[in-house]
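Each remark here refers to the structure printed beneath this line.
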2 protein chains.
Amino acid sequence: MISRVESAAATRRSLLDAAAALLNEGGPEAVTLREVGSRAGVSRGAPYRHFHDKDDLLAAIAAEAWDRLADEAVALSADPARPAHDKLRDMLSGMLTIGREKPHLYRLMHRAPAAEEMLRAAARSQDPFLTVLSDLVGPDRAHHYGALLLTSVHGILGMEASGQLSREKWRTDADEILETLLGALPAG
Amino acid sequence: MISRVESAAATRRSLLDAAAALLNEGGPEAVTLREVGSRAGVSRGAPYRHFHDKDDLLAAIAAEAWDRLADEAVALSADPARPAHDKLRDMLSGMLTIGREKPHLYRLMHRAPAAEEMLRAAARSQDPFLTVLSDLVGPDRAHHYGALLLTSVHGILGMEASGQLSREKWRTDADEILETLLGALPAG
DNA sequence: GCATTTCAGATGACAATGTCAACTCTTACG
DNA sequence: CGTAAGAGTTGACATTGTCATCTGAAATGC
């Protein structure tokens, strides 16, 4: 038998899933509370029992995405057999994959102004990244190069998405740029 | 006496200015065609005589912003007295300035999917940038490093805007990251 | 076991907004 | 001078976010 709180939690989950699916399929303008409710099997007003408003729902989706990324990064960094350099590459390409396969979600994860909860989840996903970098370039330089790498990946994805990183104009591509950066890392 | 086409052109200008002002003041959601028309002294339907729809108006604003940036870059690169290294720094900090002082406009300039006209204007603004880089690192490597620098600046601005580039977390900031990149440029 | 409270959900209503169709009126043009 | 063109206005409509109100079932207190 399902209790009331269980049912409410299930509804909340359905709302989040429906909204995330709509976002991936049709972008931000496809996410309407009416359609979200409809797909989740509830009415248009039901989301207000679980989220303060539409922005709050979107922020929750972004926070969950950061949480998943954090979990992946933690799992990656925990593998003792894998070399640090490979872990770093995996983390960066994980970010590239999200940006390319779910561009709308990726943009939502970098929304300004960011929600507090989302920022915390994002920061958590960056901790294992810093740990791996520490192993590579030493703890002193880890933050510096971490910021450099993360901002670069973010910039690559942004310009790629807006079509400003065309191969014919720049005679290079995302992977090549990233290789240059990784190759320039000082050995720790 | 003002002709009809002159008056229409003036209205179009007023609409663009009003929309750009609203964007800077209150972000994208503050740009409503009704308020744009009102500030331009016309009715809510008038914009449709000059732009296909709201998106078209926004795309025109973005294209104009890229055009202005292109003009500045051309003027900068034309100065024969200024060292190439300083020109490069000026161009990059010009981009940083726009991103910080007019974040909503900056985001609009990197919208996905981008309008064709806007992409052309953006590409035009990058030509003098490539010229300066050619002087610095040679024509062969100009494109590669140009893409690296531009994507980095874009990424820095994006993460700064969403609050993910806090000094206490990364123990560095935008200017320091940029200095690192500029310092890593091979001498041409 | 029953009365009461709580709360998820449904529904009606409303204002804001993008957009279109119909209309007006000034201006350019034959 | 008459006619066409087109800038601008206005009425209308669908969509959407949001709130107030209502409903019904589950949890809680006695």
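Order of the sequence lines sets the chain letters (A, B, ...), proteins ahead of strands, with each chain counted from 1.
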The single option from Leu88(A), Asp90(A), Val132(A) passing side-chain contact (heavy atoms from CB on, under 4.5 Å) against Leu76(A): Asp90(A)
Under a 4.5 Å cut-off applied to non-hydrogen side-chain atoms, are Leu130(B) and Gln126(B) in contact? no
Where do Leu16(A) and Ala60(A) come nearest, in terms of heavy atoms and distance? CD2-CB, 3.9 Å
Those residues of residues 28-35 of chain A lying under 4.0 Å from DNA chain D by at least one heavy atom: Val31(A), Thr32(A), Leu33(A), Arg34(A)
Is there a residue in residues 39-51 of chain A whose heavy atoms reach under 4.0 Å of DNA chain D, and which residues are they?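 Of all residues in residues 39-51 of chain A, the ones placing a heavy atom under 4.0 Å from DNA chain D are Arg44(A), Tyr48(A).
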Answer yes when [X] and [Y] have at least one side-chain N-carboxylate O distance shorter than 4.0 Å, and no when they do not.
X         : Y         : answer
Glu179(B) : Arg89(B)  : yes
Lys169(B) : Asp127(A) : yes
Glu29(A)  : Lys54(B)  : no

Please report, rounded to the nearest Å, how far the [atom2] atom of [N] is from the [atom1] atom of [X].
X        : N       : atom1 : atom2 : answer
Asp55(B) : dT19(C) : CG    : C1'   : 13 Å
Asp53(B) : dT17(C) : CG    : P     : 17 Å
His52(A) : dG17(D) : NE2   : C1'   : 13 Å

Listed by chain and number, what are the ring-ring contact (aromatic ring centres under 6.0 Å, His included) partners of Trp170(A), not counting sequence neighbours?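 Trp170(A) satisfies ring-ring contact (aromatic ring centres under 6.0 Å, His included) with no other residue.
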Taking atom types as modelled, is there a side-chain donor on His50(A) or Thr11(A) under 3.5 Å from an acceptor on the other? no
Are Thr11(A) and dA8(C) close enough that a side-chain N or O sits under 4.0 Å from OP1 or OP2?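 False: Thr11(A) side-chain N/O out of range (4.0 Å or more) of dA8(C) OP1/OP2.
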